[in-house]
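Owing to the predicted nature of the structure, the values given are computational and were not obtained by experimental measurement.
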Amino acid sequence: MADEVVEKIAGIATREVPGVYDLGGDVARFFANVKERIGLGDADEDADRGMSVRLEGRTAVINITLVIEYGFVVHSVTEKVRAKVISSVENLLGLEVTEVNIRVDDVHVEDAGPVGGDEARAAGYQP
């Protein structure tokens, strides 16, 4: 079985977890956005971005890099991702997942969210 198949399944499972904004580190997200803007791909084609898999026989070690939505508890999201990825890969592919290593690369904050308008928010502040 190709690593790419496991990466695709793990990527789809990860994206299904509430609180996951995107997959991949800063560089991977940058190049995916450039590809999408110039018409060379879309987000669905990059579902495995942020994933790496090492297969040894019938076992798999999966490494995930992701971006969390602001307001979600990081530990809770990563534990749900871990459980969802293990379940999906083991049930759909019949592999034993021995490790799921998750790296949170960033936190996504909506433009209209709590960041911004510092002067207005600080106007009534008294130390």
Side-chain angles (χ1 to χ4, degrees):
M1 180 174 315
D3 293 357
E4 291 81 13
V5 173
V6 181
E7 290 171 355
K8 184 69 82 173
I9 297 295
I12 292 168
T14 299
R15 287 181 182 277
E16 291 177 350
V17 175
V20 172
Y21 176 74
D22 201 359
L23 298 176
D26 294 333
V27 173
R29 289 193 318 271
F30 171 77
F31 283 115
N33 287 334
V34 169
K35 280 176 49 179
E36 186 175 351
R37 286 185 184 150
I38 62 174
L40 294 177
D42 58 34
D44 292 338
E45 291 177 0
D46 293 320
D48 60 345
R49 177 183 80 217
M51 298 282 158
S52 69
V53 172
R54 188 178 74 233
L55 293 175
E56 294 178 7
R58 301 291 305 158
T59 64
V61 173
I62 302 170
N63 297 300
I64 303 170
T65 303
L66 54 82
V67 178
I68 299 279
E69 281 280 355
Y70 177 80
F72 283 84
V73 178
V74 174
H75 177 73
S76 176
V77 172
T78 57
E79 285 306 307
K80 288 176 184 171
V81 166
R82 184 173 282 109
K84 181 81 171 173
V85 167
I86 290 170
S87 173
S88 295
V89 170
E90 289 185 348
N91 290 329
L92 294 173
L93 302 175
L95 297 173
E96 178 188 355
V97 178
T98 57
E99 288 180 46
V100 176
N101 303 303
I102 301 172
R103 177 176 172 253
V104 177
D105 183 67
D106 201 356
V107 175
H108 177 260
V109 179
E110 289 295 327
D111 291 335
V115 175
D118 292 336
E119 290 178 16
R121 288 189 299 133
Y125 178 71
Q126 299 277 328

Out of curiosity, [X] [atom1] to [Y] [atom2], how far, rounded to the nearest 0.5 Å?
{"X": "Arg54", "Y": "Asn101", "atom1": "CZ", "atom2": "CG", "answer": "9.0 Å"}
{"X": "Asp105", "Y": "Leu23", "atom1": "CG", "atom2": "CG", "answer": "11.0 Å"}
{"X": "Glu69", "Y": "Glu110", "atom1": "CD", "atom2": "CD", "answer": "6.0 Å"}
{"X": "Ser88", "Y": "Leu93", "atom1": "OG", "atom2": "CG", "answer": "9.0 Å"}
{"X": "Ile64", "Y": "Thr78", "atom1": "CD1", "atom2": "OG1", "answer": "10.0 Å"}
{"X": "Met1", "Y": "Leu95", "atom1": "CE", "atom2": "CG", "answer": "4.5 Å"}

For residues Ile86 and Ile62, determine if any side-chain heavy atom of one lies less than 4.5 Å from a side-chain heavy atom of the other.
->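 Not touching, per the 4.5 Å side-chain cut-off.
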Leu66 and Val104, any side-chain heavy atoms less than 4.5 Å apart | yes
Test log, rule side-chain contact (heavy atoms from CB on, under 4.5 Å), inputs Met51 and Thr14 = CA-CA 10 Å; Met51 298 282 158; Thr14 299; 3.3 Å; yes
Please answer whether the main-chain N or O of Gly94 pairs with a side-chain N or O of Arg58 as donor and acceptor at a distance below 3.5 Å.
-> yes
Without swapping roles, check the side chain of Glu90 against the backbone of Val97 for a donor-acceptor pair under 3.5 Å.
-> yes
What residues form a salt bridge (Lys or Arg N to Asp or Glu O under 4.0 Å) with [X], not counting sequence neighbours?
{"X": "Glu79", "value": "Arg82"}
{"X": "Glu99", "value": "none"}
{"X": "Lys84", "value": "Glu16"}

Return the minimal non-hydrogen interatomic distance between Ala60 and Leu55, and the atom names on each side.
->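 Looking at all heavy atoms of both residues, the closest pair is CB-CD2, 3.6 Å.
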What is the minimum heavy-atom distance between Asp3 and Val53, and which atoms define it?
->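 Closest pair (atom of Asp3, atom of Val53, distance): OD2-O, 3.4 Å.
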Single-linkage hydrophobic cluster Val89~Leu92, side-chain heavy atoms < 4.5 angstrom | yes
Going only through I, L, V, M, F, W and Y residues with side-chain contacts under 4.5 Å, is there a path from Ile102 to Val20?
->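 Yes, Ile102 connects to Val20 through the hydrophobic network.
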When Asp22 is tested against each of Val67, Asp106, Thr65, Ile68 for side-chain contact (heavy atoms from CB on, under 4.5 Å), which residue passes?
->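 Of all the options given, the one that passes is Val67.
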When Tyr21, Phe72, Tyr70 are each screened for ring-ring contact (aromatic ring centres under 6.0 Å, His included) with His108, the one that passes is Tyr21
